Q: 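Dropping the structure in here first, questions after.
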Amino acid sequence: MLIDTHLHLVDRTRLSYPWLEQAPALNADWPYETYAEAAKRLGITGALHMEGDVAPTDIARENAWIGEMMDNDGSLLRGAISSARPEDDGFDAFLDTLDLTIVKGVRRVLHVVPDDLSRSETFRANIRKLGDRGLPFDICMLARQLDIATELVDACEGTEFVLDHCGVPDIAGGSYKEWADAISRLAKRPHVNAKISGISAYATPDWTLDTLRPYVEHVIESFGWDRVVWGSDSPVCTLNASIDRWVKATHALTSGASEDERALLFAFNAARIWDIAL
């Protein structure tokens, strides 16, 4: 089993994605059908849709769209990680609107807003409410913000967290030690998990397994096999690779692990964190 915990689908005829105009390499429709054809060939048995940073007025529409596709026969989709605005008043009302048969977690992209946003008491109080409802929060921050992420998780001990993309290391720039030290500090918090998802996008186009290996191995060593999950980050993974190449790289990078360890990374941890059926 291989559960993809980080799939982005894009339909620009249905939803508004303001950021895509500044990302020409990704500014296209990325339909479920194209993903599913590749995913089934690669052994992916289920997927969680990761919110696409749609316009705030489209958040509910995006979740409903995923729910529609979940109901299709043979769908790989197991749920949605919803966009949210925890910095806003009225967050309780927003949570009350969520269909928890569809929505399995929440994310707010935090590298596109001021660093202090997640330090406000309103933001932190609302993230604590996610824990009360059994909804994990995905942390989407840059490597330089990892200590801010640690501050957030320390303020919200009752909420489970998932760090996206290994904490977005600057692989292309050769940065390692500061990132690695921050990962080690964050991993000491037992309610934080880490997602090994599409990190080839942060390398140069000529990356190899040895380019990625120190980053993947440090995350696994820091968090342990029982707190890591896998994701494709499709279509962002296409910037320097393809979903095929990223899946093959993942298998190669974990080839020395035991069957039980790989099963935790590939499926069982995801089932635990987001309460999804395998």
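Predicted, not measured: the structure shown is a model, and the values here were computed from it.
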Q: Please, which pairs that meet ring-ring contact (aromatic ring centres under 6.0 Å, His included) have at least one residue in residues 144-176, sequence neighbours excluded?
A: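 Non-adjacent pairs meeting ring-ring contact (aromatic ring centres under 6.0 Å, His included): His6-His165, Phe161-His191, Tyr176-Trp179, Tyr176-Tyr215.
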Q: Who pairs with Ser255 by side-chain hydrogen bond (donor to acceptor under 3.5 Å, both in side chains), at least two apart in sequence or on another chain?
A: none
Q: With sequence neighbours left out, what residues match Glu33 under salt bridge (charged side-chain N to carboxylate O under 4.0 Å, His left out)?
A: none
Q: Roughly how far, to the nearest 0.5 Å, is the CG atom of Leu146 from the CG atom of Leu152?
A: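 Going from the CG atom of Leu152 to the CG atom of Leu146 covers 12.0 Å.
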Q: Can you pull the salt bridge (Lys or Arg N to Asp or Glu O under 4.0 Å) pairs that have at least one residue in residues 197-215, sequence neighbours excluded?
A: Asp210-Arg213, Arg213-Glu217
Q: Between Phe223 and His218 (judged by ring centroids, cut-off 6.0 Å), do the two rings come close enough to count as a pair?
A: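 No, they do not, as the ring centres are separated by 6.0 Å or more.
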Q: Test of understanding: with salt bridge (charged side-chain N to carboxylate O under 4.0 Å, His left out), list the residues that count as partners of Lys188, not counting sequence neighbours.
A: none
Q: Can you list everything that forms a salt bridge (charged side-chain N to carboxylate O under 4.0 Å, His left out) with Asp170? Sequence neighbours excluded, please.
A: none
Q: Go through the structure and list residues passing side-chain hydrogen bond (donor to acceptor under 3.5 Å, both in side chains) with Thr254, not counting sequence neighbours.
A: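 By the side-chain hydrogen bond (donor to acceptor under 3.5 Å, both in side chains) rule, Thr254 matches Arg262.
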Q: Among Arg124, Arg128, Arg189, which one satisfies salt bridge (charged side-chain N to carboxylate O under 4.0 Å, His left out) with Asp154?
A: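 By the salt bridge (charged side-chain N to carboxylate O under 4.0 Å, His left out) criterion, Asp154 pairs with just one of Arg124, Arg128, Arg189: Arg189.
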Q: Without placing hydrogens or testing angles, list every side-chain donor-acceptor pair under 3.5 Å for residues 271-278, not counting sequence neighbours.
A:
from	atom 1	to	atom 2	distance (Å)
Arg272	NH1	Glu160	OE2	3.0
Arg272	NH2	Asn193	OD1	3.1
Arg272	NH2	Asp226	O	3.1

Q: Suppose the criterion is salt bridge (Lys or Arg N to Asp or Glu O under 4.0 Å): which pairs have a residue in residues 102-120, not counting sequence neighbours?
A: Glu51-Arg107, Glu87-Arg108, Arg107-Asp164, Asp115-Arg144, Asp116-Arg119, Arg119-Glu151
Q: Which residue pairs satisfy the side chain to side chain donor-acceptor pair (under 3.5 Å) criterion with at least one member in residues 234-243, sequence neighbours excluded?
A: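 Output for this query is empty, none listed.
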Q: Restricting to pairs with a member in residues 233-247, which pass salt bridge (Lys or Arg N to Asp or Glu O under 4.0 Å), not counting sequence neighbours?
A: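 Applying salt bridge (Lys or Arg N to Asp or Glu O under 4.0 Å) to every pair that reaches into residues 233-247, excluding sequence neighbours, yields Arg41-Asp244.
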Q: Got a sec, which pairs hit salt bridge (Lys or Arg N to Asp or Glu O under 4.0 Å) with one end in residues 63-83, sequence neighbours left out?
A: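 Only Arg14-Glu68 qualify under salt bridge (Lys or Arg N to Asp or Glu O under 4.0 Å).
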